[in-house]
Amino acid sequence: TDLSADRSLETTEADPGETVEIELSLSAGDDDEIELVNEEFDSELEIVESDSEQGQVLEESDSWSVVYLDPVDSDVLTITYQLPSDASAGTTYTLSGEAITSNDTFETGTTTITVAGDDESTDDDDASSADDSPTDGDGENETEDTLALSAVVPFVAILLAIGLLARRS
């Protein structure tokens, strides 16, 4: 029962100060539910808007999490990041995340955004070249990288555990 994660974005290249919107569509496998989503990003980026169809988005300076009062089968998350206005051409920013389900933890992919130069144009067709590294068939990320979770995740995990225990009793 694997999680399906589809990461889409307008472009992988933007000028300094511009915004880039990323949509993350998640769907849990059979007999599974999404309990928490966490994404880390370079702290130079700023979140200007965040939305979840099913949960509450908690924003930090270099990460965000989506917390669900009750686990969900699917969700669509939309996060808009603003690149620093003083970013140099060629600078890259990396975003990567994971979803915790009732059965496992799954990587939701990685996206790299590159700062365009003054004489370069942003090409929307480059969006398909994003590194959307999904999980393999065993629910393991194809790379062995692990994410260091932000300080909010242990707190959220405690809240989720309390909620799950209360639901079961």
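Keep in mind that this is a model prediction, so the values were computed, not measured. The basis for the numbers below is simple: all heavy atoms, side chains too, and nothing from hydrogens, waters or symmetry mates.
Atom OG1 of Thr101 sits about 7.0 Å away from atom CG of Leu3, to the nearest 0.5 Å. Atom CD of residue Glu35 and atom CG of residue Asp70 lie 10.5 Å apart, to the nearest 0.5 angstrom. The line from CG of Leu95 to CG of Asp62 is 11.0 Å long, rounded to the nearest 0.5 Å. How far OG1 of Thr78 is from CG of Leu9: 12.0 Å, rounded to the nearest 0.5 Å. If you take OG on Ser25 and CD on Glu53, they are separated by 8.0 Å, rounding to the nearest 0.5 Å. In this structure, OH in Tyr93 is found 12.5 Å from OG1 in Thr112, a value given to the nearest 0.5 Å.
Side chains of Tyr81 and Thr19 form no contact here, defined as non-hydrogen atoms less than 4.5 Å apart. Residues Asp6 and Leu24 are not in side-chain contact: their nearest non-hydrogen atoms beyond the backbone lie 4.5 Å or more apart. The side-chain heavy atoms of Val37 and Trp64, taken from C-beta on, include a pair separated by under 4.5 Å. Looking at Leu83 and Asp15, their side chains never come closer than 4.5 Å, going by heavy atoms from C-beta outward. Contact annotation: the side chain of Ile22 approaches that of Arg7 to within less than 4.5 Å [non-hydrogen atoms, C-beta and beyond].
One N or O on the side chain of Thr108 and one on the backbone of Gly97 form a donor-acceptor pair closer than 3.5 Å. In this structure, Glu98 contributes its side chain and Phe106 its backbone to no donor-acceptor pair below 3.5 Å. Of the possible donor and acceptor atoms, one in the side chain of Ser102 sits under 3.5 Å from a partner among the backbone N and O of Glu33. Thr91 places a side-chain N or O within 3.5 Å of a backbone atom of Ser88 that can act as its donor or acceptor partner. Remark: the backbone N or O of Asp31 is paired with a side-chain donor or acceptor of Asn103 at under 3.5 angstrom.
Between Ser52 and Tyr68, the shortest heavy-atom distance links the atoms OG-CE2, 4.3 Å. Smallest separation of non-hydrogen atoms from Leu36 and Val66: CD1-O, 3.3 Å. Contact between Asp51 and Val57 at its shortest, heavy atoms only, is C-CG2, 4.0 Å. Closest of all the heavy-atom pairs between Ser27 and Ser74 is CA-CB, 4.0 Å. When all heavy atoms of Val20 and Glu10 are compared, the pair lying nearest together is CA-OE1, 4.0 Å. The two residues Thr105 and Ile100 make their nearest non-hydrogen contact at OG1-CG1, 3.9 Å.
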For Thr12 and Ile113: C-alpha separation, side-chain torsions, deciding distance, then whether side-chain contact (heavy atoms from CB on, under 4.5 Å) applies.
CA-CA 5 Å; Thr12 59; Ile113 301 170; 5.7 Å; no
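For CD of Glu21, the number of neighbouring non-hydrogen atoms (other residues, nucleotides, ligands) closer than 6.0 Å is greater than 12.
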